[in-house]
Participant: 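Here it is: the structure, laid out below.
All residue numbers refer to positions in the sequence shown, counting from 1. Just so you know, these numbers come straight off a predicted model, no measurement behind them.
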Amino acid sequence: MSEKNITGKVIVITGASSGLGEAAARHLAALGACVALGARRRDRIEALADDIARAGGQALAVPTDVTRCADVQRLVDAAVQRFGRIDVIINNAGVMPHSPLDRIKVADWERMIDVNIKGVLYGIAAALPHMQRQKGGHIINVSSVAGHLVRPGGAVYAATKHAVRVISEGLRQEVKPWNIRSTIVSPGMVNTELADSITEPDMAEAARKNYAAIAISADAFARAVAYAIAEPSDVDVNEILFRPTRQEF
């Protein structure tokens, strides 16, 4: 990996208050990127930005709810105003409230659609015009192993993550005239707070046991996105699928 291709890049990250987003922010900042952190939890992203600054990096914290298009636009515009451009957006924010369909958890279904699909679209909408003007950029959308496989209890979550892959492939084909790259990252079980979004007690307990047994560090995600970003501008890494070695599905 060539760190010189990351140094100085302006990278916007949603869902940056914990898990995948936090790990990516710390890793990319340590490699010399300027990071703009978006999440609902202001205290978390401000503390993270302070940590990065103390370590000699550059970070901006902007409270962001990805279910609000205006919030995501404000995050991206703040990054451009502070750092002069946007080179990468990582549309990472996500929720995973698993439940069997016959429990009719409509509010959970709507939340997954709002965060996992609309949040990605809002990120694209905010970043794409800037990247078109620049004639370059990189959009990284976070899907999941569930974007490839469906298991009982996870139908709606899997549907949202399949949607991320479909949207990303359409984007890949459309942005060629502006030299914009696109990457789908599909993690398996990674040690994050994602399972905490499960509202059904039995499903939550099962997920916690599975994650405790085999989940890997969020640093694996950070390295994956760094790899895709660090490739030369004429190399478009379109999809990365990774799991714990012990994960069967």
Participant: Could you tell me if the side chain of Arg133 sits less than 4.5 Å from the side chain of Pro129, heavy atoms only?
Facilitator: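 Result yes, sub-4.5 Å side-chain heavy-atom pair found.
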
Participant: Please lay out, stage by stage, how His138 and Ile229 fare under the test side-chain contact (heavy atoms from CB on, under 4.5 Å).
Facilitator: CA-CA 8 Å; His138 193 169; Ile229 295 167; 4.1 Å; yes

Participant: Are Leu60 and Leu75 packed together at the side-chain level, in the sense that at least one heavy-atom pair is separated by less than 4.5 angstrom?
Facilitator: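 A side-chain contact is absent here, since even the closest heavy-atom pair is not under 4.5 Å.
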
Participant: Without placing hydrogens or testing angles, list every side-chain donor-acceptor pair under 3.5 Å for residues 82-97, not counting sequence neighbours.
Facilitator:
residue, atom, partner, partner atom, Å
Arg85, NE, Asp87, OD1, 2.7
Arg85, NE, Asp87, OD2, 3.4
Arg85, NH2, Asp87, OD1, 3.0
Asp87, OD2, Val10, N, 2.8
Asn91, ND2, Asn141, OD1, 2.8
Asn92, ND2, Thr14, O, 3.0
Asn92, ND2, Gly15, O, 3.1

Participant: Which atom names give the shortest non-hydrogen contact between Ala25 and Val35, and what distance separates them?
Facilitator: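 Scanning both residues, the minimum pair turns out to be O-CG1, 4.1 Å.
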
Participant: Do Pro187 and Val142 have side chains that get closer than 4.5 Å, going by heavy atoms?
Facilitator: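 Yes, their side chains come closer than 4.5 Å.
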
Participant: Within the distance-only criterion (no hydrogens, no angle test), does the side chain of Glu200 pair as donor or acceptor with the backbone N or O of Asp202 below 3.5 angstrom?
Facilitator: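 No, because the side chain of Glu200 does not come within donor-acceptor range (under 3.5 Å) of the backbone of Asp202.
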
Participant: Keeping to residues at least two apart or across chains, list the ring pair (Phe, Tyr, Trp, His ring centres under 6.0 Å) pairs with something in residues 105-125.
Facilitator: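 Sorted pair list comes back empty.
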
Participant: Return yes if some donor-acceptor pair links the side-chain N/O of Gln247 with the main-chain N/O of Met189 below 3.5 Å, else return no.
Facilitator: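 Confirmed, Gln247 side chain pairs with Met189 backbone.
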
Participant: Check whether Thr64 reaches the backbone of Val66 with its side chain - one donor and one acceptor, N or O, closer than 3.5 Å.
Facilitator: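 Flag not set: sc Thr64 to bb Val66 has no pair under 3.5 Å.
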
Participant: May I ask you to check whether over 12 heavy atoms, not counting those of Lys118, lie within 6.0 Å of atom NZ?
Facilitator: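 Count not over threshold, so no.
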
Participant: Rounded to the nearest 0.5 Å, how far apart are SG of Cys34 and CD1 of Ile11?
Facilitator: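 Atom-to-atom, Cys34:SG and Ile11:CD1 are 8.5 Å apart.
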
Participant: Does Asn5 offer a backbone N or O that forms a donor-acceptor pair with the side chain of Lys9 under 3.5 Å?
Facilitator: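 Looks like yes, one N/O pair under 3.5 Å.
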
Participant: Take a 6.0 Å sphere around CD of Glu248 and say whether it holds more than 12 heavy atoms from other residues, nucleotides or ligands.
Facilitator: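 Counting neighbours around CD of Glu248, 12 or fewer heavy atoms of other residues, nucleotides or ligands fall under 6.0 Å, so no.
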
Participant: If you count every heavy atom of other residues, nucleotides or ligands that lies below 6.0 Å from Arg40 atom CZ, does the total exceed 12?
Facilitator: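 At most 12 heavy atoms, drawn from other residues, nucleotides or ligands, come within 6.0 Å of this atom.
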
Participant: Is the backbone N or O of Lys161 less than 3.5 Å from a side-chain atom of Ser143, with the two atoms forming a donor-acceptor pair by type?
Facilitator: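 A pair under 3.5 Å: yes.
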
Participant: With the threshold set at 4.0 Å, does a side-chain nitrogen-carboxylate oxygen contact exist between Glu239 and Arg172?
Facilitator: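 Arg172 and Glu239: not salt-bridged.
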
Participant: Is there a side-chain contact between Ile240 and Tyr227 (heavy atoms, below 4.5 Å)?
Facilitator: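 A side-chain contact under 4.5 Å exists here.
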
Participant: First locate atom NZ of Lys105, then atom CE of Met112, and finally report the distance between them rounded to the nearest 0.5 Å.
Facilitator: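 Answer rounded to 0.5 Å: 10.0 Å.
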
Participant: Is there a path from Ile6 to Val12 through hydrophobic residues (I, L, V, M, F, W, Y) whose side chains come within less than 4.5 Å of each other?
Facilitator: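 Hydrophobic grouping puts Ile6 apart from Val12.
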
Participant: Taking salt bridge (charged side-chain N to carboxylate O under 4.0 Å, His left out) as the definition, give me every residue that meets it alongside Asp65, ordered by chain and number, with sequence neighbours left out.
Facilitator: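 Result, salt bridge (charged side-chain N to carboxylate O under 4.0 Å, His left out) vs Asp65: Arg68.
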
Participant: Classify the side-chain pair Arg41/Ser18 by whether it contains a donor and acceptor separated by less than 3.5 Å.
Facilitator: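 There is such a pair (donor and acceptor under 3.5 Å, judged by atom type) between the side chains of Arg41 and Ser18.
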
Participant: Is there a path from Val164 to Ile124 through hydrophobic residues (I, L, V, M, F, W, Y) whose side chains come within less than 4.5 Å of each other?
Facilitator: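 In one cluster with Val164: Ile124, yes.
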
Participant: For Arg74, what residues pass the salt bridge (charged side-chain N to carboxylate O under 4.0 Å, His left out) criterion, not counting sequence neighbours?
Facilitator: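 Only Asp71 meet the salt bridge (charged side-chain N to carboxylate O under 4.0 Å, His left out) criterion with Arg74.
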
Participant: Testing the basics here: between Met203 and Ile198, what is the closest heavy-atom pair and its distance to 0.1 Å?
Facilitator: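 Closest heavy-atom pair between Met203 and Ile198: CB-CG2, 3.7 Å.
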
Participant: To check you understand the geometry: which heavy-atom pair defines the closest contact between Ala218 and Asn191, and what is its length?
Facilitator: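 Scanning both residues, the minimum pair turns out to be CB-O, 4.2 Å.
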
Participant: Please give me the minimum heavy-atom distance between Ser186 and Ile184, naming the atom from each residue.
Facilitator: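 Where Ser186 meets Ile184 most closely, the heavy atoms are OG-CG2, 3.8 Å.
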
Participant: Report yes if the side chains of Phe221 and Thr192 come closer than 4.5 Å at any heavy-atom pair, otherwise no.
Facilitator: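 Of all side-chain heavy-atom pairs linking Thr192 with Phe221, none is under 4.5 Å.
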
Participant: Within the structure provided, determine whether Arg243 and Leu241 are in side-chain contact (heavy-atom separation under 4.5 Å).
Facilitator: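 In short, these two side chains touch, coming nearer than 4.5 Å.
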
Participant: To the nearest 0.5 Å, what is the distance between CD1 on Ile45 and CD on Glu22?
Facilitator: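 Ile45 atom CD1 to Glu22 atom CD measures 11.5 Å (nearest 0.5 Å).
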
Participant: Mind running side chain to side chain donor-acceptor pair (under 3.5 Å) on Thr67 and Asp114 for me, showing each step along the way?
Facilitator: CA-CA 6 Å; Thr67 69; Asp114 287 346; 5.9 Å; no

Participant: Identify the heavy atoms of Leu37 and Ala59 that sit nearest to each other, and give their distance.
Facilitator: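 Scanning both residues, the minimum pair turns out to be CD1-CB, 4.5 Å.
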
Participant: Under 4.5 Å between side-chain heavy atoms, hopping through other hydrophobics if needed: is there a path connecting Leu20 to Val237?
Facilitator: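 They do share one cluster, since a chain of ILVMFWY contacts under 4.5 Å joins Leu20 to Val237.
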
Participant: Check for me, please, whether Val120 and Val115 land in the same ILVMFWY cluster - side-chain distances under 4.5 Å, paths through other members count.
Facilitator: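 No, Val120 and Val115 fall in different hydrophobic clusters.
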
Participant: Quick check for you: to the nearest 0.5 Å, what is the distance between Ile167 atom CD1 and Glu169 atom CD?
Facilitator: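 Rounded to the nearest 0.5 Å, the CD1-CD separation comes out at 12.0 Å.
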
Participant: State plainly whether one hydrophobic cluster holds both Tyr211 and Ile216, where clusters connect Ile, Leu, Val, Met, Phe, Trp and Tyr through side-chain heavy atoms under 4.5 angstrom apart.
Facilitator: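 Result: no, two separate clusters.
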
Participant: Going by ring pair (Phe, Tyr, Trp, His ring centres under 6.0 Å), name the pairs with one or both residues in residues 154-207, residues two or more places apart or in two chains.
Facilitator: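 Residue pairs with at least one partner in residues 154-207: His98-Tyr157.
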
Participant: So, do Ile139 and Arg181 sit near enough that their side-chain heavy atoms are less than 4.5 Å apart?
Facilitator: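 They are not in side-chain contact.
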
Participant: Run the side-chain contact (heavy atoms from CB on, under 4.5 Å) test on His130 and Val80 for me, step by step, so that the C-alpha distance in whole Å, both residues' side-chain angles and the decisive distance to 0.1 Å come before the verdict.
Facilitator: CA-CA 9 Å; His130 291 291; Val80 173; 3.9 Å; yes

Participant: Looking only at atom types and distance, does a side-chain atom of Thr7 sit under 3.5 Å from a main-chain N or O of Leu31, one as donor and one as acceptor?
Facilitator: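 Looks like yes, one N/O pair under 3.5 Å.
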
Participant: Evaluate side-chain contact (heavy atoms from CB on, under 4.5 Å) for Gln81 paired with Val76, printing each intermediate quantity in order.
Facilitator: CA-CA 9 Å; Gln81 183 175 9; Val76 169; over 6 Å; no

Participant: Does the side-chain contact (heavy atoms from CB on, under 4.5 Å) test come out yes or no for Val225 and Thr183, once each step is laid out?
Facilitator: CA-CA 9 Å; Val225 295; Thr183 303; over 6 Å; no

Participant: Charged N to carboxylate O below 4.0 Å: is that the case for Arg44 and Glu193?
Facilitator: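 Between Glu193 and Arg44 there is a salt bridge, with a charged N closer than 4.0 Å to a carboxylate O.
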
Participant: If you take all heavy atoms of Asn238 and Ser182, which pair is closest and at what distance?
Facilitator: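 Minimum heavy-atom separation between Asn238 and Ser182: ND2-O, 3.2 Å.
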
Participant: For residues 46-53, tabulate all N or O donor-acceptor pairs below 3.5 Å that involve a side-chain atom, not counting sequence neighbours.
Facilitator:
residue, atom, partner, partner atom, Å
Glu46, OE2, Arg42, NH1, 3.4
Asp51, OD1, Arg54, NH2, 2.4
Asp51, OD2, Arg26, NH2, 3.2

Participant: Around atom CZ of Arg246, are there more than 12 heavy atoms of other residues, nucleotides or ligands at under 6.0 Å?
Facilitator: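 Check fails, neighbour count at 12 or below.
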
